[in-house]
Amino acid sequence: MSNKKKYIMTSITLGAIASISAVLIALSNLATKDKIAQNEIDRINAGITNIFGKNAVISAQKSINEYGLTIDTSYISTVYTVKNNENTELGLAFRTTGSNSYGKISLLAGFDKTTKTFMKVSLIINEQSFASTLVDNYVNPLNNGDLNISDKPVNVGATRGAELVQKMVLQAQDAALEIWK
Amino acid sequence: MEVKKMKREKGYTRKNFLKGIVIENPLFVSILGTCPALATTKSIEAAIGMGLLFTIVLICSNMLVSLLRKLIPEEIRTPAYIVIIATFVTIVKMFTNAFLSELYSTLGVFISLIVVNCIVLGRAEAYASKNNVFDSLIDALGMGLGYMLALITMAFFRELLGLGGFTFGKIFQFIPLTTLQIIPKGYEIKMFQTPAGAFIVFGLILAVLAFIKNRKAELKANIEKREKIRKAQEAKEAALKAAVNNGGNK
Amino acid sequence: MNMFIAFLLAIITSMLVDNVVLSRFYGICPFLGVSKKVKSSLGMGVAVVFVIILATVICWPLYNYVLVPAGIPYLDTVAYILVIASLVQLVGLFIKKYSPGLYKTLGIYLPLITTNCAVLGVAQSNTDQGLGFVESLANGLGTSVGFLLIIVVFSCIRVRLESSNTPKAFKGLPIALITAAIMAIAFMGLQGLFVRG
Amino acid sequence: MSQTGYIIIAVSILLALLVTFIVSFVLYRRTPVPKGCEDIKASEEKCSGCSHVECHFYQDKEENK
C-alpha cells in the first residue's frame with residue numbers, strides 16, 4: 001500500500017476504535033447515571049433516618065457557603081434542614097468529608113434544634129484501613145452516649161480516624177451554633 | 001501467524017485455559033499485577049470482587065483486540081490497546097459504582113489502576129493480537145481465574161491472620177452478613193492487615209513455590225543420576241559376561 | 001506564610017508518613033524490579049518524579065475545568081492515561097533527540113513509566129479525594145520524591161542482599177519482599193509524626 | 001457557555017490528547033537511538049512494554065552469570 005493510503009487506513013481504524021469506545025461509554029453512562037444518583041440520595045436518607053429517626057425528612061438542602069459563616073468550614077460541603085411529618089423542624093445535618101493518611105471519611109453530623117446539642121453521627125464513606133475498629137470503638141460509643149464529643153479519643157485502636165471524625169463533628173457543631181445564633 | 005497454521009492438536013483449548021491458572025499464573029509465576037494484589041487482598045470478599053472486575057475487563061479487551069487484530073496496523077498497536085482497555089475499565093467502574101457501590105468504595109482507586117495492569121496489556125499484545133476470538137476468550141478466562149485464585153490465596157492468609165476470621169456480606173450485600181471467627185477476637189495479628197503483612201504473605205507464598213520448584217528439579221536430577229549409574233553398571237556387567245564367555249571357549 | 005507551611009507539611013506527609021510505595025501500594029511493579037545498580041534506579045526515580053509532577057499539573061485542571069463543567073467526569077481515567085502516556089513519549093522523544101547521555105541511563109526505563117501504577121494512582125486519587133490544586137501538587141511532589149527515596153534505598157539494600165547467603169528458596173524476589181515488609185514497618189513508625197489536614 | 005459548548009470543547013481536547021499520544025508514540029519509535037547508546041539494548045522480549053519486573057530482575061542475573 002502506498003504511504004498515503006496507509007495513513008488513511010490507520011486514521012480510519014483509530015477513528016473507528018475511538019467512536020466505538022465513545023458509544024459504549026455513553027450507553028453505559030445512560031444506563032447507570034440515575035442509579036448512581038439514586039445511590040447517593042439513598043445514602044443521605046439512610047444517614048438522616050439513622051440520626052433523626054424514622055419519620056425525619058429532608059426539607060431543605062443548601063451548600064455551606066450560602067450561609068456565609070465566619071468560622072472555618074473546610075470539611076463541610078452541604079447542610080440539610082430536617083423536618084418530621086408534622087412539618088416541625090427537628091434540626092440540621094452537616095455533610096462533611098475529610099481524609100488522612102489512612103483513607104477518606106465522609107459523614108453526616110446531626111444537631112438537635114431545640115436543645116442545640118450534638119445528636120448523632122452517621123458514616124457514609126469510611127475507607128480507613130482500620131474501618132471496623134473505628135466504628136466499634138469510637139463511632140458507636142459516641143452515638144449511644146458512652147463517649148463525649150469534646151473529650152480527646154485515646155487508645156481507641158483507630159485513633160487517627162477517631163481524631164478526624166471528632167475534628168469534623170466539632171467544626172459542624174460550631175457551624176450549627178453560629179447558624180442558630 | 002504461525003500459531004494458526006499449526007494443526008490444533010486435541011485439548012488445545014483445555015491447555016490454553018489451564019495454563020493461565022497454574023503454569024503461567026499471572027501473579028505468582030510471571031509476577032505481574034502486583035499493585036492491586038497487595039492492596040485489595042485485605043478480605044476475601046474484596047479479592048473476589050477485584051478478581052471478578054479484572055476478569056471482566058480482561059475478557060472484553062481480549063475479545064475486542066482479537067476481533068480487530070487484522071485492522072490495527074502493527075506500528076500503533078499499543079496506543080489502540082490502551083484506549084480499548086481504558087474504555088472497558090471506565091464502563092466497569094460505572095457499573096460497579098451503580099450496582100455494587102460498597103465494592104466501589106472498598107477498591108477505590110484500584111479499579112482505575114486496571115488500565116495500567118500489566119496482565120491486561122500483556123495478554124492483549126502477546127496473545128490476543130495473534131489468535132482468534134475464541135482462543136483469546138479462553139486465554140482471558142484462564143488468566144482472569146488464575147489471577148483471582150491468586151488474590152484469594154493472598155486474602156485467605158491476610159484475613160485469617162489479620163482479623164482472625166472471614167466476614168461475608170459486607171461488600172456483596174445480597175449475601176446475609178456471616179462472620180466465621182476462627183482465631184478468638186483478641187488474639188489475631190493485626191499486622192497482617194497492614195501493608196507490611198501483605199509484603200510478608202506475598203514473599204512467603206513465592207518462597208514456598210520456589211521451594212517446591214527446587215525440590216521437583218532435585219528429584220528429577222536424582223532420578224537421572226540413578227538412571228546413569230544403573231546404565232553404567234549394566235554396561236559393566238555385560239562387558240564382564242562377554243569377557244567370561246571369551247575365557248570359556250578359548 | 002501558613003500556605004507555605006501547609007505545602008511543606010503536605011509534601012513531607014506524602015513523602016514519609018504516607019509513602020506511596022509502602023503504605024498505598026502504588027508503584028510496586030518497578031519497586032520489585034528495581035535493579036541493583038543504584039545509578040539506574042536513581043535515573044528511573046528521577047524520570048518518574050518528572051512525569052508525576054507534569055501529570056499532576058496537567059491532570060488537575062483537565063479534570064476540574066474541562067471534564068466537570070462538560071458533565072463527563074467519568075472520562076477521567078481515559079483522559080489521565082492519555083495524558084500520562086503522551087507525556088512519557090514526549091519526554092522520551094526530547095531525551096532521545098537532545099541528550100544522548102541521559103538516554104544512556106534512562107533510555108530503557110522510559111516506556112515502563114506508562115505502566116507504572118504510581119503515576120496514574122496519584123493523579124486519580126488526587127481528583128477522587130477532591131484535593132485543591134496546591135494540595136494535589138504537594139501530594140504529587142511528595143509522593144514522587146518518596147518513590148525516588150524508596151527506590152534508591154531499596155536498590156542499595158539489594159546490593160547487600162545478593163551477597164548475603166539467603167536460603168535457596170528465598171533467593172531473589174521472596175527475600176526482597178520480606179525486606180520491603182521490614183521497611184514498611186519502619187515507615188509505619190513515622191505515622192505519629194503529624195497528620196495531614 | 002451552554003452545556004453542549006462545554007461538551008464540544010471537552011471532547012475535542014480528549015481527541016487532541018489521543019492524536020498527540022499516537023503521533024508521539026510513532027515518532028518515539030521512529031527516531032533513531034542516539035549514536036553512543038545502541039548497545040544498551042534491553043532484552044526486547046522481556047523489557048518490552050509491560051513485563052518489566054523480570055526485565056530488571058533477570059537482566060542483572062544475566063550479567064554476572
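Letters A, B, ... mirror the listed sequences (proteins, then strands); counts begin at 1.
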**Q** For chain B, find which of A16(A), A37(A), A31(A), S28(A) contributes the most heavy-atom pairs closer than 4.5 angstrom.
**A**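 The residue among A16(A), A37(A), A31(A), S28(A) with the greatest pair count is S28(A).
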**Q** Relative to chain B, which segment of T10(A) carries a heavy atom at a distance below 4.5 Å: side chain, backbone, both, or neither?
**A**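 Contact with chain B: backbone and side chain both.
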**Q** Which bit of L68(B) comes within less than 4.5 Å of chain A, counting heavy atoms only: side chain, backbone, both or neither?
**A**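 The side chain, not the backbone.
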**Q** Does any heavy atom of chain B fall under 4.5 Å from the side chain of D34(A), the backbone, both, or neither of them?
**A**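 Nothing of D34(A), per the 4.5 Å heavy-atom cut-off to chain B.
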**Q** Give, as side chain, backbone, both or neither, the part of I76(B) having an atom under 4.5 angstrom from any heavy atom of chain A.
**A**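 I76(B) touches chain A through side-chain heavy atoms alone.
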**Q** Between R95(A) and E40(A), is there a salt bridge with N-O shorter than 4.0 Å?
**A**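 Looking at R95(A) together with E40(A), the answer is yes, because their closest N to O distance falls below 4.0 Å.
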**Q** Look at A86(B), A98(B), P79(B) and state which one has the largest set of heavy-atom pairs under 4.5 Å with chain A.
**A**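 Ranked by heavy-atom pairs under 4.5 Å with chain A, first place is A98(B).
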**Q** Determine the option with the most heavy-atom pairs under 4.5 angstrom with chain B, choosing from I125(A), I12(A), L27(A), L24(A).
**A**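 That would be L24(A).
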**Q** Under 4.5 Å heavy-atom distance to chain A, tell me which part of T90(B) shows up: side chain, backbone, both or neither.
**A**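 Only the side chain of T90(B) comes within 4.5 Å of chain A.
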**Q** side-chain hydrogen bond (donor to acceptor under 3.5 Å, both in side chains) for T96(A) and Q171(A)? Distances and angles first, verdict last.
**A** CA-CA 9 Å; T96(A) 69; Q171(A) 190 178 92; over 6 Å; no
**Q** What class does the angle between the rings of F172(B) and F174(B) fall in, given that below 30° is parallel, 30 to 60° is tilted and above 60° is perpendicular?
**A**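 Ring orientation, 0 to 90° scale: tilted.
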**Q** Using the six-membered ring wherever Trp is involved, compare the ring planes of Y147(B) and F54(B) and label them parallel, tilted or perpendicular (cut-offs 30° and 60°).
**A**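 Plane angle between 30° and 60°, so tilted.
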**Q** Going by atom types alone, do T88(A) and N84(A) pair a side-chain donor with an acceptor below 3.5 Å?
**A**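 Note: T88(A) and N84(A) side chains meet the donor-acceptor criterion.
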**Q** Cation-pi check for Y127(B) against K19(B): NZ or CZ below 6.0 Å from the six-membered ring centre and within 45 degrees of the axis, yes or no?
**A**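 Because its charged atom sits under 6.0 Å from the ring centre and within 45° of the axis, K19(B) does stack over Y127(B).
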**Q** Testing the basics here: between L147(A) and N137(A), what is the closest heavy-atom pair and its distance to 0.1 Å?
**A**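 Shortest heavy-atom separation between L147(A) and N137(A) comes out as CD1-O, 4.0 Å.
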**Q** Tell me, for L14(A) versus chain B, whether the close heavy atoms (under 4.5 Å) come from the side chain, the backbone, both or neither.
**A**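 The side chain, not the backbone.
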